Amino acid sequence: MQKSLSIDPQKCTGCLQCEMACSFEHEGMFNPSRSRIRVFTFHQEGEFVPYTCTQCADAWCLQACPVDAIIDNRELGAKAVVEDRCVGCKVCTIACPFGTINYQQATGKVAKCDLCGGDPECVKACPTAAILYLDADQSGYDKMRQWAARSVTAAQATA
Amino acid sequence: MAWTGNILRVNLSDGSIASEALNRDWADQYLGQRGLGSKYLIEEIDPNCDALGADNKMIMATGPLTGTMASTGGRYSVITKSPLTGCIACSNSGGFMGNELKNAGWDMVVIEGSSPEPVYLYIENDTAELLPADEIWGASVWHAGEWLHKRHQDPLLRVSAVGRSAEQGCLYSAIINDLHRAAGRSGVGTVMASKNLKAVAVRGTLGVANLKDPKRFMQAVNDAKKVLAENAVTGQGLPTYGTQVLMNVINELGALPTRNTRDVQFDGAHDISGEAMHAPRASDGRPNLTRNAGCFGCTIACGRISTIDKGHFSVAHKPGYWGSSGGLEYEAAWALGADTGVDDLDALTYANFICNEDGVDPISLGATIAAAMELTDMGVMTAEQTGGIEFRFGSAEALVKGAEWVARGEGFGRELAMGSKRLCEKYGHPELSMTVKSQEFPAYDPRGIQGMGLTYATSNRGACHLRGYTVASEVLGIPEKTDPLTTDGKPALVKAFQDATAAVDSAGLCVFTTFAWTLEDIAPQIDAACEGDWSVDKLLTVGERIWNLERDFNLRAGIGGDQDTLPQRLLKEAAKTGPAKGLVNGLGEMLPEYYALRGWSADGVPSEATLARLGLN
């Protein structure tokens, strides 16, 4: 069963634990600037929004790569960079409409979320459950449930 | 390792910038941040130097856990000699500056001398340069930050800056980072401005690595995060209400200093409480509180993000203040509210925004305005002297104008900017200043919480709650409940809190973790990260060493045991209402026992044996 990251910005406090967990897992250091998930602060609105790769089924980055350095792990539903093959041409960074695959000066390669092999560190690190790892076909289940609950309340109010 | 091992030394007088190796022996004795920064400062400056002269230095110091995944591990401190108190100053800030400095590869930045022209320090990893700041001299912190982000075309730049208040010499100016986090107390911002240094802008991309035992570190960090999550204060109270969870509690306890500490309970407390920040406003139907927010790495997230009603008199026709920004913490809400008798939540929030915008300590500001209000009440001050506005207790207009004037260095604000001690002396009533060692005390009345009297009296940076927060024990029962109305056992309690806090402040962690954590939770994190053997006992010794080191600086600066005292009001005028009715603070009963426990003489000087035991002789 494929699972995907499900992010709820309403729960995010902007603490960057996810960025540290990500960089520690992938780079062996705490370094937000090298995290594959990034939290954006919208100060005036008082919003914090974590953002990362959504693992497109038909992925622009994978299609664009001239050296087949991005592979499709169908079991996980993850698109992962094979570092040995990547030549750092950055074509994938242009192809991706979301900006979630990026070049890293330190390695000369690109880096993106690979779902940590099926056990995402950002999910485990988040103190408020703003990032969840859910059945890819049912990631809207909780939201549907909330709307369903509203109709129950509405029905009770009318009765 | 955890330390980067590198110190950046910047001489503003001659413009030289150099990198030097961290003194590892000192790191072993003082850990980092508050302790290590204080050691460097004390070794390098004359305690009798002019705090606002070129001879004073200013150190920005991180802790070994700053920039790591340890919960709250993003902090840095500014250590210098205070222009407000003459004591050693050490102001601790969250936000995202500490981790950025660490990610740029620096344990500390030592800033010395004074620049002939306004400059800012730009640090990008291992390169640093001083650049002209003429275009932002005279600008607020917020405008300076905006300008720096544009100038460097870098939205990820982290900025610590001073505002117009510091440039104009306000003695309690703060250094603000990330728009609303502050190295807030004792005028550290005033020192920075006196050096013609407008801002420090940092971009760090090197990462924090080289921990002693990464696997054990992550285990310790995860265990400790769990403790915070499961604790009622750090897991529920603080995220929901912030430190403002205390407003109603402390008021009911009869320990909320009100109207310049004339009273110990405020009838408007509920209207300015954490609960009130959640309630929809009558005017626009929205609550004051937008949401909570975390500093770097913090899994508590007590920070408040607030908005002001667009129709409120303070911001009507000022769209610049209509968005969300840093909201009221308990100390600010108390100082700007209960202490001035103002119960208008949005007016307090606006005054708080103004403090952030131009780098002002809201505790000292509120307490100084409260003193002006009492002087007005007594007929000593008139509207003629106070900018045409009567500084009456309860006047939101006076609060708002007072905050704006101090922030911008205008009119009567220049007198308020001296702080309550100097203001009250100028108007012939020094007894009305609610200060210790010239620093305004915060939101706990020592008649209702006896241990806090000793904490204020003996704090090495002048009156302060964060040097020994016995409120945890006396009010919240952490780690165990003590009676707030008696002095019994308080000297030992105060000493224990002071020593433990000095260690926490030196690690890179936030002291709010200690609502849930003891040193038993903290030591394993430090020990897994840092070379050496970091046990609870060693941390307590380090804490005690730091306390005595700071004390020694103050003694050499001429600030001795005779200043370990409280305003007469707290010692002679009994609380009028509440559980503490009829009580004064029993400092006289506590102080001699405290000195004895510290191994100090009867007049508060550390004995040779004490200094030798701590390796300070």
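Every chain is numbered from 1, with letters handed out A, B, ... down the list of sequences. Just the heavy atoms: all of them, side chains too, but no hydrogens, waters or symmetry mates, feed the values below. What you see is a predicted model, and the numbers here were worked out from it, not measured in a lab.
- Only the side chain of A:Phe24 comes within contact range of chain B, with at least one heavy atom under 4.5 Å from a heavy atom of that chain.
- Using a 4.5 Å cut-off on side-chain heavy atoms (C-beta onward), B:Phe296 and A:Pro32 make contact.
- With a threshold of 4.5 angstrom between heavy atoms, B:Leu206 approaches chain A through N, CA, C or O but not through any side-chain atom.
- Both the backbone and the side chain of B:Ala293 come within contact range of chain A, judged by heavy atoms closer than 4.5 Å.
- The part of A:Cys12 that comes within reach of chain B is its backbone (N, CA, C, O), which places non-hydrogen atoms under 4.5 angstrom from that chain.
- Heavy-atom distances place no part of A:Ala106 under 4.5 Å from chain B, backbone and side chain included.
- When each of A:Ala21, A:Cys18, A:Gly28 is checked for heavy-atom pairs under 4.5 Å with chain B, A:Ala21 comes out on top.
- Counting heavy-atom pairs under 4.5 Å between each of B:Gly303, B:Gly74, B:Gly297, B:Gly323 and chain A puts B:Gly297 at the top.
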Could you list each N or O donor-acceptor pair linking chain B to chain A at a distance under 3.5 Å?
| unit_1 | atom_1 | unit_2 | atom_2 | d |
| --- | --- | --- | --- | --- |
| B:Met69 | O | A:Gln17 | NE2 | 3.0 |
| B:Thr205 | O | A:Asn31 | ND2 | 2.8 |
| B:Val208 | N | A:Phe30 | O | 2.8 |
| B:Val208 | O | A:Phe30 | N | 2.9 |
| B:Lys225 | NZ | A:Gln17 | OE1 | 2.8 |
| B:Lys225 | NZ | A:Ala125 | O | 3.1 |
| B:Arg291 | NH1 | A:Gln10 | O | 3.1 |
| B:Arg291 | NH1 | A:Cys12 | O | 3.3 |
| B:Arg291 | NH2 | A:Cys12 | O | 2.7 |
| B:Gly294 | N | A:Thr13 | O | 2.8 |
| B:Gly297 | N | A:Cys15 | O | 2.6 |
| B:Gly297 | O | A:Gln17 | NE2 | 2.9 |
| B:Ser324 | N | A:Gln44 | O | 2.7 |
| B:Ser324 | OG | A:Gln44 | O | 3.2 |
| B:Ser325 | OG | A:His43 | NE2 | 3.4 |

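- Atom CZ of B:Phe512 sits in a sparse spot, with 12 or fewer heavy atoms from other residues, nucleotides or ligands closer than 6.0 Å.
- With a 4.5 Å cut-off on non-hydrogen atoms, B:Leu156 touches chain A through its side chain but not through its backbone.
- Annotation: ring-ring contact (aromatic ring centres under 6.0 Å, His included) contacts of A:Phe48 (sequence neighbours excluded): none.
- In this structure, A:Leu16 CG and B:Cys298 SG are separated by 11.0 Å, a value rounded to the nearest 0.5 Å.
- Shortest non-hydrogen contact noted between A:Ala125 and B:Met69 is CB-CE, 3.5 Å.
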